[in-house]
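Computed over heavy atoms, backbone and side chain alike; hydrogens, waters and symmetry mates excluded. Letters A, B, ... mirror the listed sequences (proteins, then strands); counts begin at 1.
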There are 2 protein chains.
Amino acid sequence: MTTSGLTPTAQDYLKVIWGAQEWSDEPVTTSALAERLGVSTPTVSEAVKRLAAKGLVSHPRYGSIALTESGRRAALDMVRRHRLLETFLVTYLGYGWDEVHEEAEILEHAVSAAFVDRLERRLGRPTRDPHGDPIPSRDGELPELPAVSLCELAEGAAGQVARVSDADAELLRYLSGAGIGLDGWITVVRHQAAAGVLTVEVDGRRVDLGLPAARAVWVVRK
Amino acid sequence: MTTSGLTPTAQDYLKVIWGAQEWSDEPVTTSALAERLGVSTPTVSEAVKRLAAKGLVSHPRYGSIALTESGRRAALDMVRRHRLLETFLVTYLGYGWDEVHEEAEILEHAVSAAFVDRLERRLGRPTRDPHGDPIPSRDGELPELPAVSLCELAEGAAGQVARVSDADAELLRYLSGAGIGLDGWITVVRHQAAAGVLTVEVDGRRVDLGLPAARAVWVVRK
DNA sequence: CTGGGGAGTTAGCCACACCTAAGAAATTAG
DNA sequence: CTAATTTCTTAGGTGTGGCTAACTCCCCAG
Ligand SMILES: [Mn+2]
Ligand SMILES: [Mn+2]
Ligand SMILES: [Mn+2]
Ligand SMILES: [Mn+2]
C-alpha cells in the first residue's frame, strides 16, 4: 500500500500539505503547517526533515514545502480514506455532518486497505463525502468540481451548494440551522463587504451570513 | 472515558493481562506477556513499570502482574470495543471470522466512545462476537458462559459449539473447512491422546481433529 | 547597501516503545 | 544447602513526536 510504513503523524502531514496547495498557490511554510497541525514550528521542521529523507516531500532550506509524486499518492490515499469514512459515519451510524471530521481524522490511520475497499463497495462507490468533497478513486483520480465560494457570487446570482468546508464543526451546525445543506439552492441578495455580511435567500427565507460562513460555502452557478 | 489518556500499547497490555488471568490461574509473568505481545522481556518490564506508575497494575518485583480495579475497567472496555468491532466487520462488511481479529486489534484503539455506543445500538446490542465470546456491557458486566473445551468431553458425549478461540486465523479456516461453526453440534467419537487426535462427528461426518484444534473449540454439554 | 525583525532551524530536553547486552534475583538441581 | 539455570530487571541505544530557548538566515525598510 502507498501509506504503509508511514506513521499516523507522517500521514497527517502529507494530507495537510496536499490540502494546503490544493485550494491556493501560496507557498507551504513551516509556520503554516504548525498552525494547522497545532504544533510548534521546530516540531514541523523535524518532521518535514524526516519526510524529505523518505522522499515524500521536497524542502529547500528556508523554502516552500512540496509533495513528491510518492508523497502525493500517499496524501490522496489518506484523503480517500478520510472521505469514505466520513460518508460511512453519516450513512451507517447516523452521525451529523458536524461530528464526522474528528472521528475520521483518527480512523483514517487505523483501517486497512482491505477495509477501505470493502467499505467503498458497501457504500455503493460514493463520489463525494458528506461535505460535498470528491472522493479519490483507489488509483488516485480526483474529479474536479467547478464550484466557487459564495463570496464570489454577484448580487442576484444563484447557485446550488456543492461543497461546504468541514474544518469547523461549529460553523457546520450554524449552516444547518440556517437551512443550508448540500444540493440546496442559494441566491445572493446583498453584499455588505464593509459590515462583513452577506444576505442570501434560502428556501424563501432571508439569512445574513458572516464572512467566515460565506467563505465556507461553495456553489455551482446557475 | 476509562481508556482515555492511555496509549494503544498500554491498552493492549491491559487487555492481554486480563485475558491471561481469565482462562487460567497461572501467574502473569513478564515473559508470558512478552510472548503474547511479540516483544522482548525488557520492553515488557519497562511498559509494566509505566502501567504500575499510573495505578493500572500491581507488580511486586519479580512477582506476578495483576490488574487494579481501574486497570480491569480499562481492559474490559478494550475487550468490549474489540468484540463489537469484530461483530461489525462480519455483519456489515462481510469479513470471514478468520479475518476480523487483526483488523479489530488496531481499530479498537481508534474508535471513540461515542462510536462504540452507536455501533452497539446499530448492531442490535449483540451479546457475543463472531467467535462466541461474550461482549461486555458499557458498565463492565460480562456474562459467563458455561462452556468446556472439546478435549474435556468424554467419548460419546455431545455438545453445542459456544465459542472458538480466535487467536489463530489459520485454525479458524481449518475449522470452517471441517464444518465446525458456532451453535453447531459435535459428538466426540474417540480420544486418541497418544496420537494427539480427537475423532468427532459433525453433521454426520467423521473428522479427525488435532489437539490444538480440539483445544480451541468450546462446547456446552448436552 | 546595510540593519533589523520575523521566520526557520538547531540545540537540548522529555516520554514512549522498541532493541541487545549485562547484571541481579529466584528457582530448581544436585 | 550450595550451585546452576532460568527469569527478570537495569543499562545503554535508536527512532518518533513533542516542547522551549537560542541561534541563523532572508528579506525588506530605511
Ligand atoms: Mn488524521
Ligand atoms: Mn469532509
Ligand atoms: Mn490492539
Ligand atoms: Mn473474537
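Note: CG (A:Leu51) to P (D:dT16) measures 10 Å, nearest angstrom. Atom CD of A:Glu46 is separated from atom P of C:dT9 by 10 Å (rounded to the nearest Å). With rounding to whole Å, B:Gln11 atom CD is found 10 Å from C:dA17 atom P. Remark: P of C:dT9 and CG of A:Leu33 are 10 Å apart, rounded to the nearest angstrom. Taking atom CZ on B:Arg61 and atom C1' on C:dA24, their separation rounds to 8 Å, with Å as the unit. Residue B:Leu56 contributes atom CG, which lies 15 Å from atom C1' of C:dC16 at whole-angstrom precision. Following rounding to the nearest Å, B:Ile65 (CD1) and D:dT7 (P) show an atom-to-atom distance of 14 Å. Between the C1' atom of D:dT16 and the NZ atom of A:Lys49 lies a distance of 13 Å, rounded to the nearest Å.
Take the nearest nucleotide of DNA chain D for A:Tyr13 and for B:Val44: the residue whose nucleotide is more 5' is B:Val44. Residues B:Lys54 and B:Ser40 both approach DNA chain C. Their nearest nucleotides, taken by heavy-atom distance, put B:Lys54 toward the 5′ side. Toward the 5' end of DNA chain C, the nearer of the two residues B:Ala10 and A:Ala32, judged by each one's closest nucleotide, is A:Ala32.
Applying the 4.0 Å criterion to OP1 and OP2 of D:dG15, one finds that A:Arg50 has every side-chain N and O outside that range. B:His59 has no side-chain polar atom (N or O) that falls below the 4.0 Å cut-off from OP1 or OP2 of D:dC8. For C:dG8, one of the phosphate oxygens OP1 or OP2 lies less than 4.0 angstrom from a side-chain nitrogen or oxygen of A:Ser31. Residue B:Thr30 places none of its side-chain N or O atoms closer than 4.0 Å to OP1 or OP2 of D:dT7.
Pairing each heavy atom of A:Gln21 with each of A:Ile65, the nearest pair is OE1-O, 4.1 Å.
Ranking D:dT10, C:dA7, C:dA17 by closeness to the B:Thr7 side chain, first place goes to C:dA17. Side-chain proximity of A:Tyr62 to D:dC26, C:dA11, C:dC19: nearest is D:dC26.
Heavy-atom contacts from other residues, nucleotides or ligands closer than 6.0 Å to CD of B:Glu102 number 12 or fewer.
As judged by a 4.0 angstrom heavy-atom cut-off over every strand, B:Thr41 is placed among the base-contacting residues. Nucleic acid contact for B:Thr43: base, since at least one base atom lies under 4.0 Å from a heavy atom of the residue.
Residue pairs satisfying the ring pair (Phe, Tyr, Trp, His ring centres under 6.0 Å) criterion with at least one member in residues 50-102 of chain A, sequence neighbours excluded, are listed as follows: A:His82-A:His101, A:Phe88-A:Tyr92, A:Phe88-B:Phe88, A:Phe88-B:Tyr92, A:Tyr92-B:Phe88, A:Tyr92-B:Tyr92.
Here A:Arg163 pairs with A:Asp133 under the side chain to side chain donor-acceptor pair (under 3.5 Å) rule; sequence neighbours left out.
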Report the C-alpha distance between B:Thr9 and B:Thr7 in whole Å, list the side-chain angles of each, state the deciding distance to 0.1 Å, and finish with yes or no for side-chain hydrogen bond (donor to acceptor under 3.5 Å, both in side chains). CA-CA 5 Å; B:Thr9 302; B:Thr7 63; 4.7 Å; no
